[in-house]
Number of protein chains: 2
Amino acid sequence: MIRLGQTSPHWYNHYMMSEFDLIAHYFTRPVRRTGRIALGIGDDCALLKPAPGVQLAISTDMLVEGRHFFADADPAKLGHKCLAVNLSDLAAMGAQPLAFTLALSLPAARVEWLTAFSDGLFGLADLHDCELIGGDTTKGPLNICITVFGDIPIGEALRRDSAQEGDDIWVSGALGEARLALAHYWNEIVLDSAALESAAARMHTPTPRVELGLALRGIAHAAIDISDGLAGDLGHILQRSRLGATVNVDALPSGPALARQTQELRRRYTLGGGDDYELCFTAPTARREAVLAAAQSAAVGVARIGRIEAAPGLRLVDEAGTALALPTTSFDHFATP
Amino acid sequence: MIRLGQTSPHWYNHYMMSEFDLIAHYFTRPVRRTGRIALGIGDDCALLKPAPGVQLAISTDMLVEGRHFFADADPAKLGHKCLAVNLSDLAAMGAQPLAFTLALSLPAARVEWLTAFSDGLFGLADLHDCELIGGDTTKGPLNICITVFGDIPIGEALRRDSAQEGDDIWVSGALGEARLALAHYWNEIVLDSAALESAAARMHTPTPRVELGLALRGIAHAAIDISDGLAGDLGHILQRSRLGATVNVDALPSGPALARQTQELRRRYTLGGGDDYELCFTAPTARREAVLAAAQSAAVGVARIGRIEAAPGLRLVDEAGTALALPTTSFDHFATP
């Protein structure tokens, strides 16, 4: 690692700081979870101690300016979001957050930006007791790459390949609000300020469903987090479990701003909007009460949206059970301009 | 993770491929180390099983076009180098490579580039039995971020803070050749084609000293890999160990191309060139034979360049012991244009 915080903290009071100073200043904090983190920031590698009976879940996400966020993105919200999307992957496995590394390419080391970014980042990290253990910084186009680590008791991971025929399909929270905010920013629709505020909050500061993922251990068969749109992400469960599903599109939960839009928009954005960071999971019908109790303990709503079936493919129906022909494609970074 | 290889491999024969197709095609391979990797590419997270008595060493490095490599860099060499710099961090801890994640921002998904890049990447990965277990791809300015994982028996890590007064200071291989190649590319000097070829090989396809790091377990007190220049990187050992050192600048090993340059250039590039990916380590004088045997077993040369002392600071001397005033600054990404 090109070493977070490896030099002494003799700060420059400059608009531009040196690499080592900025890192030491904004990203170095004492290791608190000394039980598991044998060595944090400041050496060639960090060292994690294994806990008995536990596997390490690992996920990495890269966020690029102009692709995942606007050039003028609020740095505090960006700090929150780039960790949130990684914690969402841990949530989808039922993993307990433990630590993360941060690699950051920045056009310039601006004090205001770094202060706000690290505040947003550590604000969410502290909520989940997830420690920064290392990283890298470089000059370049704005790019944030986080790798996150979590604990899962052996055999309890919520995988994508474990759905079973007859399972209920569930989704947490509400879908489509982030896509609705994007539609406003792209001038596809016009939201009033209250609607924009609530939709934009879902887009900029998503809540990773970590507690729900933990509560679903031993209850859910399969799970995934919804980053590219429900239809596509559920499709990954179906493909890896070698099964199909029927989903009631009108059972998909929309947030308050999307709920006031047309049925066509609600269906399109809840199915394929993306950037939701809710969990989609399957569980046996016999565990419906357990699912609801898990959701209650995690203080998040869950909606039952369909059923896993033997016949491959994803079938969409309306409330009355009539088949619908709606697009189910996921976001593809290289198919879009 | 935005999931390496999560869709079925129905390849497009297009110049531009979709994200999921390109990932599945170029980066998905069956997991071979099933003993430690419980789940590889294709879910929200990868799962690593702990081995008894072993800690996990973790390092991350981000390489940016125009900063760490030229825009026209050979993609096969780039694939090699971006993993090499990460393996070098494992080597500096004495860790055994286990696995890595890859996050890749690409302007376009070009078949030729991806073929060569993945060939270079996996060529080095296979040499060290290091498996790709997950990652992320996105469209954007070329940026490669790798996080690497290795095993170290508890208590055997070669840390930076463990140098002891009286230790010899050693360095592996040869220094300054990568900087010499860069000087040629920057038109600071002109190398003949043979010299350029050997220097450029050090710059583009460095050899991480993994075997040496492993062989130094139980022998070396402290170690670091030389990425930003010997003087600065040794400085990190001194700072964290709260000690000082005297180094004989004329004992620093230069490679064959640099050896034919002026003494001034040799001293400057071996001390502060950077991009060397050699190991600098300290060991008790009583273990000189053990160090030499470790180097022999790892098939790499080592040179004894100085001594750890109680007085803080790095003192540079020539062969006769006369003090030299030479710059000892490290490369700083934000201090340079």
Side-chain angles (χ1 to χ4, degrees), chain A residues 1-2 6-8 16-20 22 38-39 42-50 54-62 64 66-68 89-90 92-93 95 101 103 105 109 133-141 143 145 147 152 157 159-160 224-225 227 236 239-240 332-335, chain B residues 1-2 6-8 16-20 22 38-39 42-50 54-62 64 66-68 89-90 92-93 95 101 103 105 109 133-141 143 145 147 152 157 159-160 224-225 227 236 239-240 332-335:
Chain A
M1 285 187 274
I2 305 178
Q6 64 193 349
T7 53
S8 59
M16 287 288 296
M17 305 177 82
S18 84
E19 175 186 2
F20 300 131
L22 87 87
L39 186 61
D43 213 305
D44 294 285
C45 295
L47 294 176
L48 287 188
K49 284 183 206 165
V54 158
Q55 289 179 329
L56 199 64
I58 300 170
S59 182
T60 195
D61 271 300
M62 176 176 269
V64 176
R67 199 81 200 156
H68 301 92
D89 284 312
L90 291 184
M93 296 297 279
T101 61
S105 170
I133 55 169
D136 193 9
T137 55
T138 180
K139 194 169 179 173
N143 181 311
C145 184
T147 304
I152 307 183
R159 300 166 56 136
R160 297 180 181 178
I224 191 169
D225 81 313
S227 54
H236 298 312
Q239 187 210 343
R240 293 185 69 87
D332 182 329
H333 286 285
F334 291 100
Chain B
M1 286 187 273
I2 307 179
Q6 63 193 349
T7 53
S8 57
M16 287 288 297
M17 305 177 81
S18 85
E19 175 186 3
F20 299 132
L22 87 86
L39 185 62
D43 213 305
D44 295 285
C45 296
L47 294 175
L48 287 189
K49 284 182 208 166
V54 159
Q55 289 180 330
L56 199 65
I58 299 171
S59 182
T60 194
D61 271 301
M62 176 177 269
V64 175
R67 199 79 202 157
H68 302 92
D89 283 313
L90 291 185
M93 297 296 280
T101 60
S105 169
I133 55 169
D136 193 7
T137 56
T138 180
K139 194 169 179 172
N143 182 309
C145 184
T147 304
I152 306 182
R159 300 167 57 135
R160 296 179 180 180
I224 192 170
D225 81 312
S227 54
H236 298 311
Q239 186 209 345
R240 294 185 68 87
D332 182 328
H333 285 285
F334 291 100

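Naming: A, B, ... by sequence-line order, numbering from 1 per chain. None of these values were measured; they are calculated from a predicted model.
- Residues A:His68 and A:Asp61 are not in side-chain contact: their nearest non-hydrogen atoms beyond the backbone lie 4.5 Å or more apart.
- The choice from A:Thr147, A:Asn143, A:Val64 that makes the most heavy-atom pairs within less than 4.5 Å of chain B is A:Asn143.
- Side-chain contact between B:Leu90 and A:Cys45: present, with at least one pair of heavy atoms (C-beta onward) separated by less than 4.5 Å.
- Put simply, the side chain of A:Leu39 reaches to within 4.5 Å of the side chain of B:Met93, judged on heavy atoms.
- If you measure heavy-atom distances from A:Ala92 to chain B, the contacts under 4.5 Å come from both the backbone and the side chain.
- The contact between B:Ile152 and chain A is made entirely by side chain atoms (from C-beta outward), counting heavy-atom distances below 4.5 Å.
- Residues A:Ser59 and B:Asp44 are not in side-chain contact: their nearest non-hydrogen atoms beyond the backbone lie 4.5 Å or more apart.
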